[in-house]
Number of protein chains: 2
Amino acid sequence: MEAKIKNTPARLAITQLFENTDSPIDIEQIIAFLRSKKLKTNKVTVYRIVDFLYKNEIINRLEFGEGKFRYEVKKEDHHHLVCSNCDVVEDVSDVFIDKFEKDIAKKGFLVKSHSLEFFGLCKNCQL
Amino acid sequence: MEAKIKNTPARLAITQLFENTDSPIDIEQIIAFLRSKKLKTNKVTVYRIVDFLYKNEIINRLEFGEGKFRYEVKKEDHHHLVCSNCDVVEDVSDVFIDKFEKDIAKKGFLVKSHSLEFFGLCKNCQL
DNA sequence: TAATTATATGCAACTTAGTTGCATTTGTCA
DNA sequence: TGACAAATGCAACTAAGTTGCATATAATTA
C-alpha cells in the first residue's frame, strides 16, 4: 500500500502552479508564486514537495546550464529551445531521438532517458 | 593584440590533464590530479583556469544532472552515454542533430549550440 | 466530533559548488 | 635583471540544496 499524501496548502498550490505553467520553472519561481498566494512556505518544504513530485514522475528535472535545476510537468517527449537572451523556452516535439536510441541499443547501452536542449536566439531576440 | 598567457605550473598541468583525459571531469577531479602532481593549487585558481579554457572555447561545459559542471576538450560534435550505475561516459557521434537544427531554423529560432545526453546502463552494469 | 497518528512542516544549521576583492607572487620580455 | 601584466592565494561570501529534530496538521476511525 502506498504512502498516503496529505493535501496541504503548499502541495495543492505547487501542483496547481505546475498544471498552469508551460515553461520550466525553478525553486525561486515556485516560492514567489506561493508568496503571491499569501503562503509563506519554507524553502525546505518547497524542495521536499518538488522532490516528491520528481520521484513520483509527475514532473521532469531539467538543466539549462544555469547551475540549478528547473522543473516542468511530464508531457510527451519533447525538447527545448532556450533563448540565451530573454530566457524564453519553446518546446519542439521529438522526431529523431527514437531512431538514435535504437542505434545505441545495438551498441549494448540501455537507454533509460535522455535530454536534448538547443540554445540560441528566439525570433524576437534576433532583431 | 591578445592577452598573453603565462605558462604557470597549474595551467600547464590542467592543460595536460585535459589532453590526456577522455571523459568529462569535474573541478574535484582536477584538484585531485594537481595534488597527485604535488601542486597544491587553490580551488579558486582551478575555477579561474577552467573558466579561461571554457571562455576561449578550448573545453566544453556539460551537465549530467548532478548539480555541478563537467568539462572535456572540445572535439567533433558528439553526445554522451552516461551510465547511472558506474558513471562511465561513452561518446556517440552525431548523426541526426544537424537535420533537426534545420527544422528549428525554419521556425525562426537561431541555434547556437545544443546538448544531448543519454542516461541508462552500460553493457557491464546490465548484468 | 474528538482522539490518534502518520505525514508534512519549520527552523537552524550545514554542505557543496562556485564567486569576489584585494594583496602578493611570478612568468615573460625588453 | 628589472618592470609589469598576468596569475595566484586567502578569506570571506553567495546560492542551491540538504539534514536532524521538534512541532503542527490532514485524514482516518472510534
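So that the names make sense, note that chain A is the first sequence line, chain B the second, and so on, each numbered from 1.
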request  = Look at all strands and tell whether B:Arg48 reaches a base, only sugar-phosphate, or nothing, counting heavy atoms closer than 4.0 Å.
outcome  = base
query = Looking across every strand, which nucleic acid part, if any, lies under 4.0 Å from A:Asn7 by heavy atom: base, sugar-phosphate, or nothing?
reply = sugar-phosphate
query = Is the gap between the ring centers of B:Phe100 and A:Phe118 under 6.0 Å?
reply = yes
key: Under 3.5 Å donor-acceptor, B:Glu117 side chain and A:Ser115 backbone   = no
Residue-phosphate contact under 4.0 Å: [X] side-chain N/O, [N] OP1/OP2:
X	N	result
B:Asn42	D:dC10	yes
A:Thr45	C:dA8	no
B:Tyr47	C:dT19	no
A:Thr8	C:dT7	no

ask   = Taking atom C1' of D:dA26 as reference, at what distance in whole Å does atom CD1 of A:Ile5 sit?
value = 13 Å
request  = Write down the atom of A:Gln16, the atom of A:Lys37, and the distance for their closest heavy-atom approach.
outcome  = OE1-NZ, 3.2 Å
note = Assert: residue with more 5' nearest nucleotide on DNA chain D, out of B:Thr41 and A:Pro9, is B:Thr41
note = Assign each of B:Lys6 and B:Phe69 the nucleotide of DNA chain C bearing its closest heavy atom; nearer the 5' end lies the nucleotide of B:Phe69
